[in-house]
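For the single chain, residues carry numbers from 1 onward in sequence order. Any value given below was found using the heavy atoms of this structure, including those in side chains, with hydrogens, waters and symmetry copies removed.
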Amino acid sequence: MDFQFNSDNNIEGTSDMADRVEARIRERLARFDSRLTRIAVHVRDIDGATDGPDGVEASIEARPAGGQPIAVSDRADVPETAVNRALKKLVARLDSEFGKMDRVRR
């Protein structure tokens, strides 16, 4: 599974942050590893200098092998929290999608 991390100019997307995010995502998606070809994470500041409670948005796109991309997003005050919230949504979506596919195959 390939991994890509992107952040906008307003988010300090250091290599340390990218490594932590990648480790967390690989840990949570390990059971889907053989079914996913790529994960792309995009973190952006949506409220500029305001620094509101939901000022950072994280979007995660998973590409299942031979399937359509699955995208989720969530917002929080810091990038790691936004990523974790979006990741929780992605795990639920993948459980649902792969569960449906498995039931159809039987």
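The minimum heavy-atom distance between Gln68 and Pro64, with the atom names listed, is O-CD, 3.3 Å. Closest non-hydrogen pair, Ala86 versus Asp74, comes out as N-CB, 3.8 Å. Residues Asp45 and Gly55 share a closest heavy-atom pair of OD1-O, 3.0 Å. Scanning both residues, Ala82 and Arg75, for their nearest heavy atoms gives CB-C, 4.3 Å. Of all non-hydrogen atoms in Phe3 and Ala18, the two that sit nearest each other are CE2-O, 4.2 Å.
At least one side-chain heavy atom of Met17 sits less than 4.5 Å from a side-chain heavy atom of Phe5. Inter-residue side-chain proximity for Leu36 and Leu94 is flagged as met; some heavy-atom pair is nearer than 4.5 Å. When side chains are defined from C-beta on, Arg24 does not count as touching Val83, because their heavy atoms never get closer than 4.5 Å. A heavy-atom distance below 4.5 Å is not found between the side chains of Thr37 and Asp2. Residues Asp8 and Glu57 fail the side-chain proximity criterion, which asks for heavy atoms closer than 4.5 Å. Taking 4.5 Å as the limit, every side-chain heavy atom of Ile25 sits out of range of all side-chain heavy atoms of Leu90. Side-chain contact check for Arg85 versus Thr81: some heavy-atom pair is nearer than 4.5 Å. Using a 4.5 Å heavy-atom threshold, the side chains of Arg31 and Val91 count as touching.
For Asp16, the CG atom sits in a packed shell: over 12 heavy atoms of surrounding residues, nucleotides or ligands are nearer than 6.0 Å. Other residues, nucleotides and ligands contribute only 12 or fewer heavy atoms inside 6.0 Å of the CD atom of Glu12.
Although no hydrogens or angles enter the test, the distance criterion places no donor-acceptor pair under 3.5 Å between the side chain of Asp19 and the main chain of Glu22. With hydrogens and angles disregarded, a donor-acceptor distance shorter than 3.5 Å links the side chain of Arg26 to the backbone of Met1. No donor-acceptor pair closer than 3.5 Å links the side chain of Asn6 to the backbone N or O of His42.
Remark: Asp54 CG to Ile46 CD1 distance equals 7.0 Å, nearest 0.5 Å. To the nearest 0.5 Å, the span separating CD1 on Ile39 from CZ on Arg28 amounts to 12.5 Å.
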